[in-house]
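Below is one structure, written out as structure tokens, with a few remarks after it.
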Amino acid sequence: MVRRDNDNGAWAKSRRSRAVPVDFLLVQAYDQYAVERDACREARDSDFVLVKLFRQPLGAPMPPAALNGLFGRLSRRAGLSEAGHPHALRHGFAGNAADAGAALDDRWTPATGTGRTARTRAVHRTG
């Protein structure tokens, strides 16, 4: 695993780009976020997907701790007994793909960035 420094403190695992299939609700939510982001002059030209829109420095990459905090606040607001976390989205994707009848080869490829070992495939399938 190659770790590179990023402005937000996140570590990239791969040098390759990935395409991850998403459903309409996620696309709709991202579209709404993009409208808000484009309204923030400092955020408009950032290469990062998630940037600060309401706290200084505006347009800076959102640090992983801030994203975890956001998931915690949203979890409490939704009345969940346990806080959600971003990695759960990966498990949710794997579960949805399995429910839709995807073959292991379709879900566990470098293109989706999901598990390369039997252990990680099993963890993501049961998530």
Side-chain angles (χ1 to χ4, degrees):
M1 179 181 311
V2 177
R3 304 273 186 175
R4 293 182 296 282
D5 290 334
N6 283 318
D7 292 341
N8 65 347
W11 288 349
K13 291 182 181 180
S14 176
R15 294 179 186 197
R16 291 178 280 172
S17 296
R18 299 185 180 116
V20 178
V22 297
D23 66 11
F24 176 75
L25 291 175
L26 183 58
V27 173
Q28 189 175 29
Y30 185 77
D31 283 348
Q32 183 177 350
Y33 166 73
V35 168
E36 289 185 39
R37 177 189 165 127
D38 286 347
C40 177
R41 183 181 49 79
E42 297 88 348
R44 201 174 297 135
D45 297 326
S46 177
D47 290 336
F48 288 86
V49 174
L50 299 174
V51 296
K52 294 180 179 184
L53 298 178
F54 306 106
R55 292 192 177 157
Q56 297 295 330
L58 295 177
M62 185 181 288
L67 190 57
N68 287 330
L70 173 62
F71 268 69
R73 289 188 304 278
L74 292 172
S75 297
R76 285 189 297 281
R77 191 174 183 183
L80 301 178
S81 59
E82 293 184 31
H85 50 87
H87 190 76
L89 299 176
R90 184 178 205 149
H91 292 268
F93 167 74
N96 288 343
D99 291 346
L104 284 177
D105 290 346
D106 294 338
R107 290 180 296 148
W108 315 115
T109 66
T112 60
T114 52
R116 293 192 172 108
T117 68
R119 182 178 177 277
T120 55
R121 285 193 298 268
V123 166
H124 286 89
R125 184 176 186 148
T126 59

Side-chain polar contacts of residues 77-86 - donor-acceptor pairs under 3.5 angstrom, sequence neighbours left out - could you list them?
residue	atom	partner	partner atom	Å
His85	ND1	Ala88	N	3.4

Would you list the atom pairs, donor with acceptor, under 3.5 Å between side chains in residues 42-61 and any protein atom, with sequence neighbours excluded?
residue	atom	partner	partner atom	Å
Arg44	NE	Asp38	O	2.8
Arg44	NH2	Asp38	O	2.9
Ser46	OG	Phe48	N	3.1

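Residue pairs satisfying the ring-ring contact (aromatic ring centres under 6.0 Å, His included) criterion with at least one member in residues 27-47, sequence neighbours excluded, are listed as follows: Tyr30-Tyr33.
A distance of 12.0 Å separates CG of Asp31 from CD of Glu36, quoted to the nearest 0.5 Å.
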